[in-house]
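Only one structure is covered here, and it is reproduced in the block below.
Basis for what follows: all heavy atoms, side chains included, without hydrogens, waters or symmetry-related copies. In what follows, chains carry the letters A, B, and so on, assigned in the order in which the sequence lines appear, proteins first and then strands, with residues in each chain numbered from 1.
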Amino acid sequence: MMQNMAPLTCKRPKRSTLAQDPAAVAKWLLGQTIVRVLNDGECLAGTIVETEAYLGVIDQAAHTFGGKRTKRNQSMYAKPGTAYVYFTYGMHHCLNVVCGQLNEPVAVLIRALEPTQGLDTMRKNRQANPARKTRRLLKDHQLCSGPGKLCQALAIDRQMDSIDLLTSDSLLLVQSLYETLPDNQIVNTPRIGVDSAGAWALRPLRWYISDNCHISIRNRHLGE
DNA sequence: ATGACGATTTACT
DNA sequence: GTAAATCGTCATA
């Protein structure tokens, strides 16, 4: 568990940190913070606890497999530190951190956050469109425990696509004051929801913080 | 213009 | 465990 979080300071990562291969960045991002500043100035924040790397043109599970370039995925070709936000399944948004080099379409999907600031607003955002009538209060670990959930909680949609996470005032990546997590607190498994990607579905390109209860539901019991 | 398909979530048997 | 919800995006015509 990430307990006793330091008060939020605004140390921004260097762009060179994100200009690495997506697997390295995915691992590095664990423990860092995503901050969303709403129009009224309210801050919502969470610690990244689960990530997946998408390796671009060679990766059958990536939107840019084979060098595919469309209106939707063009921000994956942008400079490292750019947000790639896409809409899927007719109702969900997903947030990625573009990494690697300019024009090298690789990215890291942010799959789960441990919410640290603005939980009440997150709960409100998550229940804005209740699918079920009698919905009980969402527990903290239900707010950001999935790529679609965290975007709903932080009010992230395609308007945030192509934003620079290192300079933006509305959606920011903030570096932890702590050292990088030790390897024995990081679990590495295959990615979720990419079963149709052949052999690439089996590659261990997902990472999450061991024993953290805010990771996505699926595979919470697996791993190691 | 049309049809197939999701880097998901939720409810339900 | 299975299936429904729901629609932008993309490839094809």
Does B:dG6 have its OP1 or OP2 closer than 4.0 Å to a side-chain nitrogen or oxygen of A:Arg72?
no
With the threshold set at 4.0 Å, does a side-chain nitrogen-carboxylate oxygen contact exist between A:Lys27 and A:Asp183?
yes
Could you check A:Gln142 against A:Gly90 and say which one's nearest nucleotide on DNA chain B is further toward the 5' end?
A:Gly90
Less than 3.5 Å apart, any donor N or O on the side chain of A:Asp161 or A:Ser75 sitting next to an acceptor on the other?
yes
State which residue, out of A:Tyr84, A:Tyr54, A:Tyr86, fulfils the side-chain hydrogen bond (donor to acceptor under 3.5 Å, both in side chains) condition with A:His63.
A:Tyr84
Nucleotide nearest A:Val194 when distance is taken to its side chain, options C:dG8, C:dC10, B:dA7
B:dA7
What nucleic acid atoms does A:Tyr89 come within less than 4.0 Å of, heavy atoms only: base, sugar-phosphate, or nothing?
base
Whether A:Arg126 contacts B:dT10 is assessed here as follows: a side-chain N or O lying under 4.0 Å from the phosphate OP1 or OP2. Is that the case?
yes
With respect to the phosphate group of B:dT9, does any side-chain polar atom (N or O) of A:His92 fall under 4.0 Å of OP1 or OP2?
no
Taking all non-hydrogen atoms of both residues, which atom of A:Gln60 and which atom of A:Gly198 are closest, and how far apart?
OE1-N, 4.2 Å
Ignoring hydrogens, what is the shortest heavy-atom contact between A:Pro80 and A:Gln101? Give both atom names and the distance.
CD-C, 4.4 Å
Are any of A:Lys149's side-chain N or O atoms less than 4.0 Å away from OP1 or OP2 of B:dT10?
yes
Could you check A:Asn73 against A:Met91 and say which one's nearest nucleotide on DNA chain C is further toward the 5' end?
A:Met91
Is it true that A:Asp164 and A:Arg12 have a side-chain N and a carboxylate O under 4.0 angstrom from each other?
no
Where DNA chain C forms runs of at least three Watson-Crick or G-U pairs (i with j, i+1 with j-1, under 3.5 Å), the stems are B:1-6 with C:7-12, B:8-12 with C:1-5
